[in-house]
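Structure, as structure tokens:
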Protein chains: 2
Amino acid sequence: MNDVFKALSDPTRREVLRLLKSGPRSAGDLADAFPVSRPTMSAHFNVLRGAGLVSTEKAGKSVIYHLNVSVLEEALLGFAGAFGLGTGVPPVSPPE
Amino acid sequence: MNDVFKALSDPTRREVLRLLKSGPRSAGDLADAFPVSRPTMSAHFNVLRGAGLVSTEKAGKSVIYHLNVSVLEEALLGFAGAFGLGTGVPPVSPPE
DNA sequence: ATGATATTTAGCTAATCATCTAATTGATGT
DNA sequence: ACATCAATTAGATGATTAGCTAAATATCAT
């Protein structure tokens, strides 16, 4: 889970996830959406994959990235939930 | 909001927030809960304060740290919400 | 005013990070 | 086989980060 928060700490990576929300995309397609080099984007993809936030699938010359929503959900809501946020169900003492 | 995610990327800082969830605590009291030096903890506090996640109040010799839940909520659920997580209300196209 | 206590700032270091260019790998088409 | 295109790895660099010790600041008590 630390890896997930580390991954989320970079705005480029958060934006990649947001783009992936609308559906799978190739590495180059994703890279085109950012003003940095492809190798740099590749490094960001590695961090996201290391955190389990995305999965890859080979399609010819391309590599398709998929968003793993469940991993995002588990980390984000898991943490938020510890503060009584997001679920509607407080963690310790319900506000009577 | 980037500052918030940057702040959350460190496990020590996330734990500080979790401790603060149960109520305000002094700097030294918080520092005692971690195996690092006080100056190091002070630096972590600065990051959390810079992100707006905590506020301070002076009380005699001590400095009391308060958790700003609203800031955490806005960032965390704001981001999660963009993925249809946490609110029960999907972000773009509601499942009819 | 002196001393003790709580916290922060200053200054340093080692490690990590985001970025780049150049080179490599892998797949497709001619 | 060769050229081309997509993506990654290698290797380097400058910036940021988390950590430390030592020194400074602020408050309280004597």
Side-chain angles (χ1 to χ4, degrees), chain A residues 1-20 22-68 72 75 79, chain B residues 1-20 22-68 72 75 79:
Chain A
M1 174 178 128
N2 191 33
D3 288 339
V4 173
F5 276 98
K6 272 279 179 8
L8 293 179
S9 72
D10 186 274
T12 295
R13 289 192 291 262
R14 286 198 304 275
E15 181 67 12
V16 168
L17 295 180
R18 246 206 37 210
L19 289 177
L20 251 23
S22 339
R25 291 238 221 171
S26 75
D29 198 8
L30 284 170
D32 285 343
F34 298 86
V36 299
S37 72
R38 266 136 206 273
T40 293
M41 288 306 293
S42 201
H44 283 307
F45 298 152
N46 273 336
V47 174
L48 289 171
R49 191 148 37 79
L53 286 165
V54 301
S55 309
T56 52
E57 168 203 1
K58 286 219 64 176
K61 286 185 260 190
S62 299
V63 172
I64 311 296
Y65 282 86
H66 297 257
L67 173 65
N68 290 343
L72 186 63
F79 182 70
Chain B
M1 175 177 129
N2 192 34
D3 288 339
V4 173
F5 276 99
K6 271 279 182 4
L8 292 179
S9 73
D10 184 276
T12 295
R13 289 191 289 263
R14 287 198 304 275
E15 181 67 12
V16 167
L17 295 180
R18 246 205 38 209
L19 288 178
L20 250 23
S22 340
R25 290 238 223 171
S26 75
D29 198 6
L30 284 169
D32 284 344
F34 299 87
V36 299
S37 73
R38 266 139 206 272
T40 293
M41 288 306 294
S42 200
H44 282 307
F45 298 152
N46 272 335
V47 173
L48 289 171
R49 191 148 38 78
L53 286 165
V54 301
S55 307
T56 52
E57 168 204 0
K58 286 219 65 176
K61 284 184 262 192
S62 297
V63 172
I64 310 296
Y65 282 86
H66 297 256
L67 173 65
N68 290 343
L72 186 64
F79 182 69

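Below, read A as the first sequence line, B as the second, and so on, with proteins coming before strands; counting in each chain starts at 1.
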Nucleic acid contacts - residues 33-49 of chain B versus DNA chain C, non-hydrogen atoms under 4.0 Å = B:Arg38, B:Pro39, B:Ser42, B:Phe45, B:Asn46

Within residues 50-67 of chain B: residues closer than 4.0 Å to DNA chain C (heavy atoms) | B:Lys61, B:Ser62, B:Val63, B:Tyr65

Between B:Arg49 and B:Asp3, is the closest basic N to carboxylate O distance under 4.0 Å?
-> no

Check whether any side-chain N or O of [X] sits under 3.5 Å from a backbone N or O of [Y] as a donor-acceptor pair, and report yes or no.
{"X": "B:Arg14", "Y": "B:Leu8", "result": "yes"}
{"X": "A:Arg25", "Y": "A:Leu30", "result": "no"}
{"X": "A:Ser42", "Y": "A:Pro39", "result": "no"}

Do [X] and [Y] make a side-chain contact, defined as non-hydrogen atoms from C-beta onward lying under 4.5 Å apart?
{"X": "B:Leu53", "Y": "B:Val47", "result": "no"}
{"X": "B:Tyr65", "Y": "B:Leu20", "result": "yes"}
{"X": "B:Phe34", "Y": "B:His44", "result": "no"}
{"X": "B:Arg18", "Y": "B:Leu67", "result": "no"}

Give the C-alpha distance, both sets of side-chain angles, the deciding distance and a yes or no for side chain to side chain contact (heavy atoms under 4.5 Å, CB included) between A:Glu15 and A:Asp10.
-> CA-CA 9 Å; A:Glu15 181 67 12; A:Asp10 186 274; over 6 Å; no

Work out which heavy atom in A:Asn68 is nearest to a heavy atom in A:Gly52; give both atom names and the distance.
-> ND2-O, 2.8 Å

With sugar-phosphate meaning primed atoms plus P, OP1 and OP2, does A:Ser26 contact a base, only sugar-phosphate, or nothing at under 4.0 Å between heavy atoms?
-> sugar-phosphate

What are the bounds, 5' to 3', of the part of DNA chain D that sits under 4.0 Å from heavy atoms of chain B?
-> D:dA18 to D:dC28

